[in-house]
Amino acid sequence: MAILLNLLLILSVLFDYDILDADYVGMSVMEGDSFTLHTYARTSEQEDIKWYFNDIRIAEISGDLSDACTDVQCEDGDERFRDRLKLDHQTGSLTVMNTRITDSGLYELKLISISSISEKIFNVTVHGVTATEQDKKSLNEGESVTLDPGVARLPNKLMKWYYKDILIAEITGDQSRICEDDQCKERFRDRLKLDHQTGFLTIMNTRHTDSGEYQVKVTNLKTRRIDSAISVKRFGVTVTVPGSGLSSGAVAGIVIGVLVPVAAAAAAVGFIYYRKSQGSEIQGNEPVNQEDPDL
């Protein structure tokens, strides 16, 4: 690598090449989400693609991709990102999955080609979310609830709604989509309404199984320099079973608490009956004389 760098520096002097082209991108994501650091390049056009986190090399694609590595596979990698990095072998873009607060820091990209070395810095901040930061919604089963994204819906923004990890609704420009995934259709079939003008999401005829965390991500499409959601809002929705005054989680706990002792008692009674029946059979049978009296 040192030889290649020296060669590039010599070429820059002789042929007036632009060797260093630094770029800087600020990003902000929520803990648990994923984010992608884009190279906007093709691996076929690069001699080497290197990714660093706080000066530690965490990913690399070299030459014919036979030297590709991520996290602990790299020579100076560590356990920090084990099984949480995904490297695109076509573009060299790096995705960090299931983010943690400790993933905050500077990510550095180095693109090395025959004629130049290009550098790009991503300053990533991972924010934690506490229960108090959620917009909490409580309602009875069968009622409707509307979730407000809290931002203006503009043509140059991509808006995505999630229930836990399931994408349930999306607005891109003039296009709106609801429940295209089979898992979403099975859970929310014909019960979601998306306002294309405001981005508001309404869940109709709610069920206790709709309880959980919802989140909306709004991404700026106007510039490629922002590679993550510029706004994230989370909602904690609790749907109570009518007449019980209990949430779905409490009802499930009560059901389990009742069924487990009943099942245990039934098993004990069955075992006692079996033992008694076995004892009766042994006492009621006389030993059989297998010898022939005529012999």
Side-chain angles (χ1 to χ4, degrees), residues 1 5 18-113 116-129 156-160 162 165 167 170 172 215-232:
M1 179 57 63
L5 290 175
D18 181 15
I19 294 295
L20 298 178
D21 177 21
D23 203 355
Y24 181 90
V25 175
M27 300 178 60
S28 179
V29 298
M30 304 303 295
E31 187 177 21
D33 293 340
S34 299
F35 64 87
T36 299
L37 307 176
H38 294 286
T39 64
Y40 298 107
R42 306 295 295 181
T43 54
S44 59
E45 300 171 356
Q46 310 298 323
E47 291 294 317
D48 214 350
I49 298 176
K50 293 180 181 290
W51 285 101
Y52 297 85
F53 173 72
N54 293 341
D55 296 327
I56 299 174
R57 184 176 49 142
I58 58 175
E60 178 181 10
I61 294 180
S62 180
D64 61 357
L65 304 183
S66 60
D67 296 329
C69 68
T70 56
D71 53 76
V72 293
Q73 299 171 348
C74 295
E75 183 178 343
D76 47 359
D78 58 21
E79 297 287 333
R80 181 192 305 268
F81 296 101
R82 178 180 285 274
D83 300 325
R84 296 193 299 118
L85 297 181
K86 182 179 180 182
L87 192 59
D88 189 323
H89 285 186
Q90 298 298 318
T91 64
S93 297
L94 182 69
T95 298
V96 182
M97 301 171 288
N98 188 24
T99 55
R100 305 166 184 171
I101 294 179
T102 53
D103 296 338
S104 298
L106 295 178
Y107 293 77
E108 181 183 4
L109 165 66
K110 288 187 178 181
L111 296 172
I112 302 174
S113 65
S116 67
I117 299 176
S118 177
E119 294 184 353
K120 193 173 185 178
I121 304 295
F122 299 82
N123 186 10
V124 178
T125 302
V126 181
H127 297 282
V129 177
N156 62 340
K157 290 183 179 179
L158 167 65
M159 182 176 291
K160 292 186 176 183
Y162 293 86
D165 293 329
L167 177 63
E170 179 180 1
T172 308
Q215 64 174 296
V216 57
K217 296 181 181 180
V218 182
T219 306
N220 194 339
L221 297 177
K222 192 172 183 179
T223 171
R224 71 180 189 178
R225 291 175 60 84
I226 303 300
D227 300 306
S228 67
I230 62 173
S231 175
V232 178

Considering non-hydrogen atoms only, spot the tightest contact between D88 and Q90 and give its length.
OD1-N, 2.8 Å
Which pair of non-hydrogen atoms, one from F122 and one from L109, has the smallest distance, and what is that distance?
CE1-CB, 4.3 Å
Answer yes or no: is there an ion pair linking R80 with D103, defined by an N-O contact shorter than 4.0 Å?
no
[Y] and [X], any side-chain heavy atoms less than 4.5 Å apart:
X: K160; Y: V218; answer: no
X: L87; Y: W51; answer: yes
X: F53; Y: E108; answer: no
X: K217; Y: Y162; answer: yes
X: E119; Y: L111; answer: no
X: K120; Y: Y40; answer: yes
X: L106; Y: N54; answer: yes

Taking side chain to side chain contact (heavy atoms under 4.5 Å, CB included) as the test, write out the residues that go with N98, two or more places apart.
R84
For K86, side chain to side chain contact (heavy atoms under 4.5 Å, CB included) partners two or more places apart:
T95, M97
Straight-line distance of K110 NZ to E60 CD, nearest 0.5 Å:
11.0 Å
From CD1 (I61) to CD1 (I49), nearest 0.5 Å
5.0 Å
Between F81 and V96, does the side chain to side chain contact (heavy atoms under 4.5 Å, CB included) criterion hold? Intermediate values first, please.
CA-CA 8 Å; F81 296 101; V96 182; 4.1 Å; yes
Between F35 and Y107, what is the ring plane arrangement, given parallel below 30°, perpendicular above 60°, and tilted in between?
perpendicular
Determine yes or no for a side-chain-to-main-chain donor-acceptor pair under 3.5 angstrom, with [X] supplying the side chain and [Y] the backbone.
X: S104; Y: V126; result: yes
X: T39; Y: A41; result: yes
X: T99; Y: G32; result: yes

For S93, check side-chain hydrogen bond (donor to acceptor under 3.5 Å, both in side chains) against everything at least two apart and list the hits.
T91
Assess whether side chain to side chain contact (heavy atoms under 4.5 Å, CB included) is satisfied between E170 and M159, documenting all intermediate values.
CA-CA 6 Å; E170 179 180 1; M159 182 176 291; over 6 Å; no
Go through the steps to decide whether I58 and L94 satisfy the test side chain to side chain contact (heavy atoms under 4.5 Å, CB included), and finish with yes or no.
CA-CA 10 Å; I58 58 175; L94 182 69; 3.8 Å; yes
